[in-house]
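Each chain gets a letter, A, B and so on, in the order its sequence line appears, and its residues count up from 1. Given the structure is predicted, the values throughout are model-derived calculations rather than measurements.
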Number of protein chains: 2
Amino acid sequence: MVTDVGRTPRAEQVGATRLQILTTAERLFAEQGLYAVSNRQISAAAGQGNNAAVGYHFGTKADLVRAIVRRRTPRIESLRQEMVTAAAGSRDVRDWVACLVRPVTAHLASLGDPTWFARFSAQIMTDPAFREIMAEEALAEPSLREVLVNLYEFAPDMPADVREDRGNMIRHLIVHVCAERERSLAEGAATPRSTWDEAATGLIDAITGLWTAPCTGDSGR
Amino acid sequence: MVTDVGRTPRAEQVGATRLQILTTAERLFAEQGLYAVSNRQISAAAGQGNNAAVGYHFGTKADLVRAIVRRRTPRIESLRQEMVTAAAGSRDVRDWVACLVRPVTAHLASLGDPTWFARFSAQIMTDPAFREIMAEEALAEPSLREVLVNLYEFAPDMPADVREDRGNMIRHLIVHVCAERERSLAEGAATPRSTWDEAATGLIDAITGLWTAPCTGDSGR
DNA sequence: GCCTAAGTCAATCAACTGATTTAATTCTAG
DNA sequence: CTAGAATTAAATCAGTTGATTGACTTAGGC
């Protein structure tokens, strides 16, 4: 396994093979579903005569999934880091909500069209066997925690359990709304918003409303 | 295939077998993931010596999934129907949001503990191969459309694309928040809300805030 | 310039998959 | 009370899975 991609002709070749596998796997998983795609199909679709190329380079399917996640998350984290420093000191909730949403949408926009990472992520986060991978890799990023801390300051009176509840909601919203938009784009169907940037604005509006909504006592109905 | 369960000893037996398979499949799918469970495993876990019991009674895996959905949705639809008639004429947004949330949470509560349908549903709605099944079976219910029409009246100035966007968000929220709560319950972990009823209240608060949030012009950031 | 190690390829393995077939059992209809 | 259909059981099918194996190719250190 070689990490210094491009340093030598050989390492370049290997790095290209690994990248090709990651790209192909991400696409197949997004299009057909995690359960429907075997390592063999990925190897073949990635142009590897070797039917065990996935196993050789990455190991198990869980290892492959983790590698796909690790390929994407650093870029998202750095985008978020930039936004967090830019938002430092802001007293506008929307600025901090934007720190959650825009790194994701901007990353997807930068990947061109079509993209597959959003649908891939949504599946990973929903599957009982894989959700922990995503949680470990993406949800523990330092800038993410910083955003949440700032967000909490806008709702000092909100009970801790409600905060946790709504934090979960925000996570689900971002992941699945992006996945659904990506799917519509891939199918050539109409999307409510015409660009990733507008989709982000829509999400920020909605999440801001969700976060600042009053919370009822637990008297129920 | 017999439909009149319980009319005769024979039909009762068959109906019990089919129910046992549906229950077992729902549980295994929720716990291990759709892709990780074969029809054989389901047949065996359902106590059927016949390793082809699933195929015999239901056909393909997609047919089985559809049958699981159809087993649950009528009850949810009738709960929603009741709430819609009770809410008729109400000018409180929360009443109509409740018509979306409480039928689902009340149904889950009525299934006892633990439940598996919420996690099962979340997976179905996220999988590219199965999402249409859920859309056909559950999202076309008449009372659902009625709620949406009423909800629209509280946001007469909201552009159609924003309405569509936020409608999608609401759907994702309900499905995945319930699935996550169900998972926490199954793992014995702490949940933000202690009952399904309180979870529903939290969802209604959040969704109401989301729905009534102002929407920004599309100038972006 | 050769030799080691990394990567690629192709064949093979047992295990498992959905599906089909055959046999045994159970119940119903007449 | 029997003829026959429906259900359950069990064996079997070809195809696919992840994993292992050894042969071949090639880059890079000595």
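Cation-pi contact between R181(B) and W196(B): present, with separation from the ring centre below 6.0 Å and deviation from the ring axis of at most 45°. Stacking of R119(B) on the aromatic ring of F29(B) is not recorded, the 6.0 Å distance cut-off and the 45° axial limit not both being met.
Not counting sequence neighbours, the partners of T115(B) by the side-chain hydrogen bond (donor to acceptor under 3.5 Å, both in side chains) test are E182(B).
For I42(A) and dA19(D), the CD1 to C1' distance is 15 Å, given to the nearest whole Å. Taking atom OH on Y56(B) and atom C1' on dA24(C), their separation rounds to 14 Å, with Å as the unit. Rounded to whole angstrom, the span from the CD atom of Q48(B) across to the C1' atom of dA10(D) amounts to 13 Å. Straight-line distance from the CD atom of Q20(B) to the P atom of dT8(D): 12 Å, rounded to whole Å.
Salt-bridge check for R70(B) with E137(B): passed, with a basic side-chain N closer than 4.0 Å to an acidic carboxylate O.
Residue H57(A) has no polar side-chain atom (N or O) positioned under 4.0 Å from OP1 or OP2 of dA6(C).
Counted by atom type alone, R80(B) and T85(B) present zero donor-acceptor pairs between their side chains at under 3.5 Å.
Atom CD of E132(A) has 12 or fewer neighbouring heavy atoms from other residues, nucleotides or ligands inside a 6.0 Å radius.
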- Note on the structure: Counting primed atoms, P, OP1 and OP2 as sugar-phosphate and everything else as base, the B/S/- map of nucleotides 14-20 of chain C against protein heavy atoms under 4.0 Å is ---BBBB

